[in-house]
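Written below as structure tokens is the structure these notes are about.
Hydrogens, waters and symmetry mates play no part in the numbers below; they use all other heavy atoms, side chains included.
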Amino acid sequence: MSLKVKDYFMIYSILLGETSMNLKKIIYLLAVLLLSNNFSAANTQKDLSLREMFQNNSAIIYSLNLRTFNADDKNGNGIIEFSKGETSGSFINAIDRLDELKDLGINAVHVLPITPVGKIKALGTAGSLYALSSFNSLNNQLSDSQSDLSIKNQAIKFIDECHKRGIKVIIDLPSCGAYDLFIDRPDLFVQDEDGNAFVPADWVDVRLFNVPNDEKLLKSDIFFLHRLFVDYMISLGADGIRADVATLKPYVFWKELIKYARHKKPDFMFLAEASESWTKPASEKAYFTDYKRLLEAGFDGYYGNYFDLKNWKTMEDLSSAVNNQKKIFKKYKEKKSVIGSFETHDEVSPLIIGGENYSKIIVWLNATLPLNPYYVDGFLQADDYIYDYSNKKAAETYTDDDYYYVHQGQIDIFNFSRRPGSDSTILSDEHKIAIKLRNDYADVIQKGAFIPLNSNNKKVFAYQRTYNKKSVVVIINRNLVTSEDVKIKVEKVNKKSKINFIKNLNSRCLEKSMFIAKLKPAEIVIFTVE
């Protein structure tokens with residue numbers, strides 16, 4: 001509810017005694033005034049649930065591995081050596097970095113798995129975060145030994161501190177179980193004729209769960225254990241779940257689990273790791289539920305296929321991705337959305353793929369496309385995730401793997417390793433400019449139309465976001481190697497238009513509604529039109 005000008009004058013005159021009105025009406029009008037959008041914080045971003053924020057494309061998500069997030073590698077060799085007084089990341093020391101995230105404009109964190117990890121047939125000296133060995137307990141590796149709190153209360157404190165800063169929390173649900181869990185509960189897993197657990201794809205440290213796809217589902221132990229996970233995350237205060245490789249489980253499984261969670265907490269969010277690019281099962285004997293069916297089952301959103309940016313060369317590639325999602329979302333009653341999955345913990349660092357310029361392109365696409373921006377810890381700090389200790393024999397290990405197993409170019413999820421980052425502020429500085437634009441033009445970015453612009457050069461990304469007579473225009477030379485001449489027709493520009501260049505102010509040529517320029521490799525031009 002919002003007040004009109006005449007309502008304010010009426011209240012003003014009442015308070016001055018110039019209008020006769022009974023006390024009840026005065027109290028009513030004052031209540032309306034206090035509850036209106038003009039005076040109440042009830043409708044501010046901070047008070048929206050994570051689910052609402054995500055559906056409205058207003059979540060800015062930061063993905064982090066608590067085991068490394070605030071690790072202290074004193075000697076700089078990349079490995080956390082406890083015998084030398086070094087400390088790995090924990091629920092408690094992670095709190096020290098939350099103000100940093102808030103300053104970056106982050107309002108949601110995707111926390112990689114916090115469940116206990118397997119140690120048998122493991123990968124890495126700490127074990128993969130995705131080798132789940134328990135559904136309803138926490139990874140002791142994340143406990144602060146100096147804290148008097150139980151590990152559960154440490155997790156609750158971390159989440160509470162996030163919430164105090166207006167940061168929502170998504171917790172990762174691994175898709176497969178550790179070999180340790182298979183030893184304890186072989187009945188939970190797909191097995192061959194000899195009783196051996198089935199290894200999905202090339203994920204040699206995990207085994208595939210056996211999930212019924214019929215009336216047996218609701219009575220199965222595997223479904224019961226997933227409900228325990230939901231209960232546990234809600235008890236910690238989490239705002240939602242990211243489902244790892246959600247395609248591995250059948251539609252009915254997710255439909256029933258999401259229904260169960262929403263009965264407990266109606267605004268609990270579900271994000272599916274799924275993509276238009278994934279069209280086949282991850283491996284033999286695995287289910288495949290595509291992203292459309294996952295959205296139908298109740299997921300609020302999915303990854304999309306923005307990690308394919310590295311293969312996209314033309315504006316047509318980008319616009320087809322955006323328009324396809326827009327078309328799909330219209331089919332559902334409830335709002336759906338995607339994340340800016342340009343770089344995830346499964347993807348090679350953009351700095352390796354295309355360097356700083358390519359990474360800046362990702363920053364601006366995240367800020368201006370109809371999606372929820374998404375960053376992996378270390379990206380904005382210009383980390384290329386190259387680890388010198390990769391695949392070398394370890395001096396000490398906490399699993400049966402005595403080698404430092406890593407995916408070079410990807411954030412380390414297998415070892416007690418250094419905090420992600422570097423000394424460079426190039427990308428974080430770029431991000432702050434981009435997020436300021438996103439916030440200043442929130443309605444345009446969150447509600448505005450996505451308009452691919454008419455250009456004579458397909459190698460240039462050119463689009464306009466428009467809402468209520470305001471526009472944000474984005475022009476990017478996708479060619480990282482050579483300059484490109486471009487002539488672009490900009491929509492809704494006339495003599496009375498107010499043009500404000502946000503990026504590359506002096507080198508641009510905008511004549512009437514035509515943008516004409518020679519763009520340097522990976523050059524980015526951003527301007528607003530009012």
Side-chain angles (χ1 to χ4, degrees), residues 56-58 306 309 312-327 329-330 340 342 357-358 360-371 373 430-431 433-530:
N56 295 332
N57 288 333
S58 61
Y306 290 110
L309 174 67
W312 294 346
K313 303 301 180 185
T314 69
M315 180 60 197
E316 186 177 350
D317 294 324
L318 176 63
S319 60
S320 63
V322 175
N323 291 329
N324 177 63
Q325 288 156 11
K326 182 179 177 182
K327 182 179 178 181
F329 293 159
K330 287 182 178 179
F342 300 101
N357 287 335
Y358 177 71
K360 287 179 181 179
I361 289 175
I362 287 175
V363 167
W364 283 102
L365 292 176
N366 255 320
T368 58
L369 287 173
L371 47 70
E430 195 83 7
H431 162 81
I433 298 170
I435 290 302
K436 184 180 187 307
L437 170 71
R438 185 181 177 88
N439 292 335
D440 289 346
Y441 284 78
D443 281 351
V444 175
I445 302 300
Q446 294 168 24
K447 304 175 186 177
F450 172 80
I451 305 171
L453 296 179
N454 186 11
S455 169
N456 68 333
N457 192 328
K458 294 182 178 181
K459 295 178 183 178
V460 172
F461 289 175
Y463 57 89
Q464 189 165 342
R465 304 298 312 284
T466 300
Y467 181 79
N468 196 22
K469 297 183 179 180
K470 292 184 179 181
S471 294
V472 173
V473 178
V474 179
I475 301 172
I476 299 172
N477 181 4
R478 176 60 184 85
N479 193 326
L480 305 180
V481 179
T482 62
S483 298
E484 296 288 344
D485 291 311
V486 68
K487 185 176 182 180
I488 298 170
K489 174 74 165 62
V490 181
E491 301 288 328
K492 304 181 185 301
V493 174
N494 55 48
K495 292 181 180 179
K496 296 182 179 179
S497 296
K498 180 182 176 182
I499 310 296
N500 180 31
F501 280 89
I502 306 298
K503 187 169 176 62
N504 289 345
L505 173 62
N506 298 319
S507 60
R508 304 285 51 90
C509 181
L510 184 62
E511 298 178 358
K512 297 182 180 179
S513 63
M514 294 303 299
F515 176 88
I516 304 170
K518 188 179 187 68
L519 299 176
K520 298 174 184 177
E523 186 169 7
I524 302 164
V525 179
I526 311 289
F527 60 91
T528 60
V529 181
E530 296 187 23

Shortest non-hydrogen contact from [X] toward [Y]:
X	Y	answer
N366	G340	OD1-CA, 3.4 Å
I502	I433	CG2-CG2, 4.2 Å
R465	L369	NH1-C, 3.4 Å
I451	E491	CG2-CG, 4.1 Å
I475	L519	CG2-CD1, 3.8 Å
A367	I445	O-CG2, 3.7 Å

State, yes or no, whether a side-chain contact exists between [X] and [Y] at a heavy-atom distance under 4.5 Å.
X	Y	value
R478	E484	no
K492	V529	no
N57	R438	yes
V322	Y306	yes
L318	L365	yes
V473	L453	yes
V486	N456	yes
V525	W364	no

Working to the nearest 0.5 Å, report the span between [atom1] of [X] and [atom2] of [Y].
X	Y	atom1	atom2	answer
I361	E523	CD1	CD	10.5 Å
I362	N357	CD1	CG	11.5 Å
M315	S320	CE	OG	9.0 Å
Y441	I526	OH	CD1	12.5 Å
K326	S319	NZ	OG	11.5 Å

- Message: Around atom CD of E530, are there more than 12 heavy atoms from other residues, nucleotides or ligands closer than 6.0 Å?
- Response: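 Yes, the 6.0 Å shell around CD holds more than 12 heavy atoms from other groups.
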- Task: Count the heavy atoms of every other residue, nucleotide or ligand shown that sit under 6.0 Å from NZ of K458, and state whether that count exceeds 12.
- Result: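 Atom NZ in K458 is not crowded, with 12 or fewer foreign heavy atoms closer than 6.0 Å.
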- Should N323 and F450 be marked as a side-chain contact (heavy atoms from CB on, under 4.5 Å) after you check the CA-CA gap, both sets of side-chain angles, and the distance that decides it? CA-CA 8 Å; N323 291 329; F450 172 80; 3.9 Å; yes
- T528 vs D440, side-chain contact (heavy atoms from CB on, under 4.5 Å): CA-CA, chis, key distance, verdict: CA-CA 11 Å; T528 60; D440 289 346; over 6 Å; no
- Please determine, by modelled atom types, if S471 and Q464 share a side-chain donor-acceptor pair under 3.5 angstrom.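 Per modelled atom types, S471 and Q464 side chains form a pair under 3.5 Å.
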- Task: Would you please say whether a donor-acceptor pair under 3.5 Å links the side chains of Y463 and T368?
- Result: yes
- Message: I'd like to know if D317 pairs up with K313 as an ion pair, taking the criterion as any Lys NZ or Arg NE/NH1/NH2 lying under 4.0 Å from an Asp or Glu carboxylate oxygen.
- Response: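 K313 and D317: not salt-bridged.
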- Where does the angle between the aromatic ring planes of F515 and F527 fall among parallel (under 30°), tilted (30 to 60°) and perpendicular (over 60°)?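 Geometry flag for F527 against F515: parallel rings.
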- Donor-acceptor contact present, side-chain N477 to main-chain K518, <3.5 Å: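 No.
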